[in-house]
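For reference, the structure is listed below as structure tokens.
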Amino acid sequence: MVLTMKKKATKPTRALTRRAALGSLAAGSAALAFPLYLPSRLFGENAPSKQITLGFIGVGLHGLGHNLNQTLQQPDAKVLAVCDVYASRAEKAQRYVKSRDKSEDCKTYSDFREVLARKDIDAVVISTPDHWHVPLSLAAARAGKDVFCEKPTLTIAEGRELVNVMKQHDVVYQAGLEDRATDEYHRMAQIVRNGGIGTLQSIDVYLPEGTLYKKEEPAPVPADLNWNLWLGPAPFAPYSPRRTEPQAWRNIRDYSGGKLTDWGAHLLDTALVANFAQHTGPVEVSGKGEVPANAMNSVPSNYDISYRFANGVTLRVRSGKVAIRFEGSAGWVGNQGWRTRLEASSPEILKMQWPSDKDRLWARPPLEHRNFLDCVKSRKATTYPPEDIHRLSTTMHLANIAMELGRKLTWDPKTEAFKDNDAANVLRSRESRQWA
């Protein structure tokens, strides 16, 4: 199972070498100046030599409010850099870090390359728009950093590249998802995988509708924004005020895949895990979606998607609310809303228990930030390693491609190609703009 998989022994990473050097230096000082009295904070599990040093790239709403906030609550994490194409956001994040750790160590940056060039940073946390997720992760890996990155990928092809490069550079990678560590969804998957509803037959998922954003006229770029760097690999577009707002760019194809790849990353992961499909995916997809007219939106805001898996299980994804339900030969289980209490066709289903040696699901892990730091130290695979986020993202990209082409598509999860459909295979990747 992915949560217990160990990586093969390799040479130490740059981060571990740095910590080892600090430990050796402290030991040498003690030997030369005995007796030497040092503050208790220099020892123990969270001593400076054992802390993981981090740089944050993207510190907007989610980057600061969730990822930075959660990381600063971990005693073995030390934030040395905050970076954002909006200078004002980086400065705000720096003030927040200083207020929490009471030090002047955190520096601000507007260009991520300066963060990656720092030899004293072990890992980066990436909270940018989706079109930057994989390019930044690849650059970080090549710079010797471990990576925590928000979901999802932007294309199928770059997802496979993500997997290959992380493996090549022996990087600990964690996707920013919490569902496998969330009791409601972990329990739901556990019940289904262990036969609590009999043989799984179908899955129904509901996701929110996309928000409508009216077209805007181009406007002057704010003085504190590096617009070229915000766009990065995406096609050039003139700046307009709402384009960089989180829920606006999520509805623009150049930067994201809409609510389907945003909320879908949460509920569809549970669907794949419960169906033992987190390392494969569906074999058939079709769907209809509506792209709003005369709007900034360029991905469907309303959709009705159908998948079929090799084991015969069907998955239907519709817009309009938040819900998930698994139907089996002996009952059903699911919930309505986000992280709400579980419901089932029988109360007995919710009471079912399995001994750990018989359980067909891994034990519930810590939340993603704690899990990432633990794995940076242990070099084990995280809760959401690259292969898993790639397969999850691919499942969602398949639907967007099917809706764009307006036809049913057959997919081979082994070759990661559409069968007998050149037009669909072209859409597995996109050209990147030369921005640097």
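Both backbone and side-chain heavy atoms feed into the values below; hydrogens, waters and symmetry mates do not.
- Rounding to the nearest 0.5 Å places CG of Leu272 at 6.5 Å from CG of Leu268.
- Of all heavy-atom pairs between Asp111 and Cys83, the closest is C-SG, 3.7 Å.
- Between Ser110 and Asn226, the side chains place no donor N or O within less than 3.5 Å of an acceptor N or O (distance only, hydrogens not considered).
- Counting heavy atoms of neighbouring residues, nucleotides and ligands inside a 6.0 Å radius, atom NZ of Lys98 exceeds 12 of them.
- Annotation: side chain to side chain donor-acceptor pair (under 3.5 Å) contacts of His131 (sequence neighbours excluded): none.
- Remark: Asn294 CG is loosely packed, at most 12 non-hydrogen atoms of other residues, nucleotides or ligands lying under 6.0 Å away.
- Taking a 6.0 Å sphere around CG of Leu212, one finds it holds more than 12 heavy atoms contributed by other residues, nucleotides or ligands.
- A distance of 4.5 Å separates CG of Leu373 from CD1 of Ile52, quoted to the nearest 0.5 Å.
- Within the structure, salt bridge (charged side-chain N to carboxylate O under 4.0 Å, His left out) contacts touching residues 293-313 (residues at least two apart or in different chains) are Glu284-Arg308, Asp304-Arg316.
- Looking at residues two or more places apart in sequence or on another chain, you find no salt bridge (Lys or Arg N to Asp or Glu O under 4.0 Å) involving Arg428.
- Residues Ser137 and Met166 approach most closely at O-CE, 3.3 Å, considering heavy atoms.
- Considering only heavy atoms from C-beta on, Glu368 stays 4.5 Å or farther from Tyr384 through its side chain.
- A salt bridge is defined here as a Lys NZ or Arg NE, NH1 or NH2 lying under 4.0 Å from an Asp or Glu carboxylate O, and Asp120 with Arg118 meets this definition.
- Other residues, nucleotides and ligands contribute more than 12 heavy atoms inside 6.0 Å of the CD atom of Gln73.
- At least one side-chain heavy atom of Gln278 sits less than 4.5 Å from a side-chain heavy atom of Arg180.
- In this structure, Asp122 contributes its side chain and Thr53 its backbone to a donor-acceptor pair below 3.5 Å.
- Between Trp249 and Tyr213, the ring centre distance reaches or exceeds 6.0 Å.
- Between the Asn297 side chain and the Asn251 main chain, no donor and acceptor come within less than 3.5 Å of each other.
- For the residue pair Asn69 / Tyr96, a side-chain donor-acceptor distance below 3.5 Å is found, with atom types taken as modelled.
- Residue Leu136 holds its CG atom at 10.5 Å from CZ of Arg113, rounded to the nearest 0.5 Å.
- Between the Ser329 side chain and the Thr199 main chain, a donor and an acceptor come within less than 3.5 Å of each other.
- The shortest heavy-atom contact between Ala77 and Leu54 is CB-CD1, 3.7 Å.
- Within the structure, salt bridge (charged side-chain N to carboxylate O under 4.0 Å, His left out) pairs that include any residue of residues 341-355 comprise Glu348-Lys351 (at least two apart or interchain).
- With contacts defined as side-chain heavy-atom distances shorter than 4.5 Å, the pair Ile126/Val147 qualifies.
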_Stepwise side chain to side chain donor-acceptor pair (under 3.5 Å) check, Arg370 with Gln74_ = CA-CA 7 Å; Arg370 180 66 258 160; Gln74 310 305 318; 3.2 Å; yes
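- Using a 4.5 Å heavy-atom threshold, the side chains of Asp269 and Lys151 count as separate.
- The shortest distance between side-chain heavy atoms of Val322 and Leu267 falls below 4.5 Å.
- Under the 4.5 Å side-chain criterion, counting only non-hydrogen atoms from C-beta, Phe276 is not in contact with Val313.
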*Should Thr394 and His390 be marked as a side-chain contact (heavy atoms from CB on, under 4.5 Å) after you check the CA-CA gap, both sets of side-chain angles, and the distance that decides it?*
CA-CA 6 Å; Thr394 294; His390 165 55; 3.2 Å; yes
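- Of the possible donor and acceptor atoms, none in the side chain of Ser306 sits under 3.5 Å from a partner among the backbone N and O of Ser286.
- Checked for salt-bridge contact, Asp84 and Lys92 miss the test: no charged N lies under 4.0 Å from a carboxylate O.
- Once rounded to the nearest 0.5 Å, the distance linking CG of Leu177 with OH of Tyr185 reads 12.0 Å.
- Each salt bridge (charged side-chain N to carboxylate O under 4.0 Å, His left out) pair with one or both residues in residues 203-216, not counting sequence neighbours, appears once here: Asp204-Arg318.
- Side chain of Asn425 to main chain of Asn421: a donor-acceptor pair is present (N/O by atom type, distance under 3.5 Å, no hydrogens or angles).
- Between the side chain of Gln201 and the main chain of Thr314, no donor-acceptor pair closer than 3.5 Å is present.
- Note that the CG atom of Asn275 and the CG atom of Asn311 stand 4.5 Å from one another [nearest 0.5 Å].
- Taking the six-membered ring wherever Trp is involved, the centroid distance between the rings of His369 and His66 falls below 6.0 Å.
- When side chains are defined from C-beta on, Lys167 does not count as touching Val163, because their heavy atoms never get closer than 4.5 Å.
- Among the candidates Arg242, Arg243, Gln247, the single residue satisfying the side-chain hydrogen bond (donor to acceptor under 3.5 Å, both in side chains) test with Glu245 is Arg242.
- At a threshold of 4.0 Å, the pair Arg379-Asp146 counts as salt-bridged, since one of the basic side-chain nitrogens sits closer than that to a carboxylate oxygen.
- Listed by chain and number, the residues in a side chain to side chain donor-acceptor pair (under 3.5 Å) with Tyr86 are Thr244 (sequence neighbours excluded).
- Closest approach of Arg391 and Pro413 over heavy atoms only: NH1-O, 2.8 Å.
- The side-chain tip of Arg193 points at the ring of Trp362 from less than 6.0 angstrom away and within 45° of straight on.
- Pairing each heavy atom of Leu260 with each of Met396, the nearest pair is O-SD, 3.2 Å.
- Under 3.5 Å, the side chains of Asn335 and Glu184 contain no donor-acceptor pair of N or O atoms.
- To the nearest 0.5 angstrom, Cys149 atom SG is 12.0 Å from Trp132 atom CH2.
- With contacts defined as side-chain heavy-atom distances shorter than 4.5 Å, the pair Leu225/Arg89 does not qualify.
- The two residues Ala271 and Ile324 come nearest to each other via the heavy atoms N-CD1, 4.2 Å.
- Here the rule is side-chain hydrogen bond (donor to acceptor under 3.5 Å, both in side chains) with Thr153, and of His397, Glu161, His133, Arg160 only His397 fits it.
- Note: Tyr307 and Trp411 fail the aromatic proximity criterion, with ring centroids not under 6.0 Å apart.
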